[in-house]
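Below you'll find the structure, written out as structure tokens, and then a few comments.
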Amino acid sequence: MSGIFVTFEGIEGCGKSTQLNMLANWLREEGKDVIVTREPGGTNLGERIRDLLLNGSKNDVFSARAEILLFEASRAQHIDEKILPAIKSGKFVLCDRFFDSTVVYQGVARAIDARTVQFLNDFALSGCIPDMTVFPNISVAESFRRIASENGSRDRIEQEDESFFEKIRGGYLKLAEENDRFFMVDGIDDVKIIHKKIRNEFTKRFF
Ligand code: T5A
């Protein structure tokens, strides 16, 4: 028995968490056993690493090498403790961000060379590749508008400037072009329209 593993990726505020929860609700209505999780985080250890990584100022002393290793440590724990056991027992696992985030945030935007990122990802992943990756695509201007309209302070990475997020968006567009598992959807549409498109694609691929 093997479940289905779907990840949600994109720039800040693209709507991935909203869409993940809508898909989870629909799958539950269909009688499926669904696990919702996120990266960094998803386990006790992972959530402690998340706190280290995100709570703080962009001026905190964080070497790019230390940062990527923390993301990978959170991922390795997440896969061993939660994701793989759930998939093996036939559950539907929906994860908010996964290794593609490392490819674009640490690889493209922080300029860690692609071979090193792939090596570290491979080590953490242990072959656990998503079956589908949903990517709501919005402009950086829209991302900034949405972040600004949310109450609460920006996390350490959200404090980066526009050029950082243009690199992230470019990185995702390239991944979407190169990988069939990606499903890119226009993130500027109404949330219900986006959900319907994701649901249709999901049905086409898995049911
Ligand atoms: N990171 C992560 C790395 O650098 N490397 C890694 O390996 C990993 C795993 C994690 C941070 O860590 C970095 C990337 C990130 O910087 P996060 O918890 O994923 O951060 O947080 P964000 O990406 O910042 O996620 P957000 O919750 O801010 O945004 P979402 O999930 O994209 O969007 P969502 O659904 O919360 O919506 C944001 C707002 O937009 C509205 C929502 O109501 C909400 O107010 N919205 C829409 N508005 C209009 N039209 C639509 N279609 C809308 N959809 C949502």
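Just so it is clear, the model here is predicted, and its values are computed rather than measured. The residues of the chain are indexed from 1 along the displayed sequence. Counting convention: from 1, in listed order, for ligands and their atoms alike.
- Scanning the protein heavy atoms around atom 26 (P) of ligand 1, the nearest turns out to be Gly13 N, 4.1 Å.
- Here the protein heavy atom with the shortest distance to atom 31 (O) of ligand 1 is Ser17 OG, 2.3 Å.
- Listed by atom number, the atoms of ligand 1 under 4.0 Å from Val191 heavy atoms are 51 (C), 52 (N), 53 (C), 54 (N).
- Using a 4.5 Å heavy-atom cutoff, the side chains of Asp60 and Ser57 are in contact.
- Close N/O approach between Glu158 and ligand 1 is found [any backbone or side-chain N/O within under 3.5 Å].
- When non-hydrogen atoms are compared, ligand 1 lies under 4.0 Å from the side chain of Glu150 (C-beta onward) but not from its backbone.
- A cation-pi arrangement, defined by a distance under 6.0 Å to the six-membered ring centre and an angle within 45 degrees of its axis, is present between Arg75 and Phe98.
- In this structure, Gly10 falls outside the shell of residues with a heavy atom less than 4.0 angstrom from ligand 1.
- A salt bridge is absent between Glu9 and Lys16: the closest approach of a Lys/Arg side-chain nitrogen to an acidic carboxylate oxygen does not fall below 4.0 angstrom.
- Counting heavy-atom neighbours within 6.0 Å of Asp190 CG, excluding the residue itself, gives a total above 12.
- Between Arg199 and Glu30 there is no salt bridge, since no side-chain nitrogen of the basic residue lies less than 4.0 Å from a carboxylate oxygen of the acidic one.
- Taking every non-hydrogen atom of Thr102 and a distance limit under 4.0 Å, the qualifying atoms of ligand 1 come out as 6 (C), 7 (O).
- A salt bridge does not link Glu160 with Arg154: none of the charged nitrogens is closer than 4.0 Å to a carboxylate oxygen.
- When Tyr105, Phe165, Phe71, Phe8 are checked for heavy-atom proximity to atom 8 (C) of ligand 1, Phe71 turns out nearest.
- Of all the heavy atoms of Leu53, none lies under 4.0 Å from any atom of ligand 1, so neither backbone nor side chain is involved.
- Closest heavy-atom approach to atom 21 (O) of ligand 1 within the set Gln106, Arg154, Lys16: this belongs to Lys16.
- One finds no salt bridge joining Asp33 and Arg28 here, because no Lys/Arg side-chain nitrogen approaches an Asp/Glu carboxylate oxygen to under 4.0 Å.
- The Leu54 neighbourhood of ligand 1 comprises atoms 10 (C), 11 (C), 12 (O), with distances under 4.0 Å to a heavy atom of that residue.
- Ring geometry, Phe135 versus Phe182: the interplanar angle exceeds 60°, so the pair is classed perpendicular (tilted spans 30 to 60°).
- The pair Lys174-Glu177 does not meet the salt-bridge criterion, since no charged nitrogen lies less than 4.0 angstrom from a carboxylate oxygen.
- Arg205 and Glu201 are joined by a salt bridge, as a carboxylate oxygen and a charged side-chain nitrogen come within less than 4.0 angstrom of each other.
- Tyr105 places a side-chain heavy atom less than 4.5 Å from the side chain of Phe164.
- For atom 16 (O) of ligand 1, the choice among Glu67, Arg156, Lys192, Glu12 with the nearest heavy atom turns out to be Glu12.
- In this structure, Arg50 has a heavy atom closer than 4.0 Å to ligand 1.
- Nearest to atom 23 (O) of ligand 1 among the protein's heavy atoms is Arg97 NH2, 2.5 Å.
- For atom 9 (C) of ligand 1, the nearest non-hydrogen atom from the set Glu39, His78, His195 comes from Glu39.
- Interface atoms of ligand 1 facing Ile194, defined by a heavy-atom separation under 4.0 Å, are 52 (N).
- If you look at Ile188 next to ligand 1, there are no close heavy atoms at all, none under 4.0 Å.
- If you check which protein heavy atom lies closest to atom 52 (N) of ligand 1, you get Asp189 O, 2.9 Å.
- At least one N or O atom of Cys14 sits closer than 3.5 Å to an N or O atom of ligand 1.
- Side chains of Arg50 and Asn55: no donor on one and acceptor on the other come within 3.5 Å.
- Among all protein heavy atoms, the one lying closest to atom 35 (O) of ligand 1 is Thr18 OG1, 2.4 Å.
- Looking only at protein heavy atoms, the nearest one to atom 33 (O) of ligand 1 is Gly15 N, 3.2 Å.
- Aromatic rings of Phe92 and Phe5 (six-membered ring for Trp) have centroids beyond the 6.0 Å cut-off, not under it.
- The two residues Val117 and Thr102 come nearest to each other via the heavy atoms CG1-O, 4.1 Å.
- For ligand 1 and Ile157, the ligand atoms under 4.0 Å from any heavy atom of the residue are 4 (O), 12 (O), 13 (C), 16 (O).
- When heavy-atom distances to ligand 1 are checked against a 4.0 Å cut-off, Arg146 comes that close only through its side chain, counted from C-beta outward.
- Within the 4.0 Å heavy-atom cutoff, Arg75 counts among the residues contacting ligand 1.
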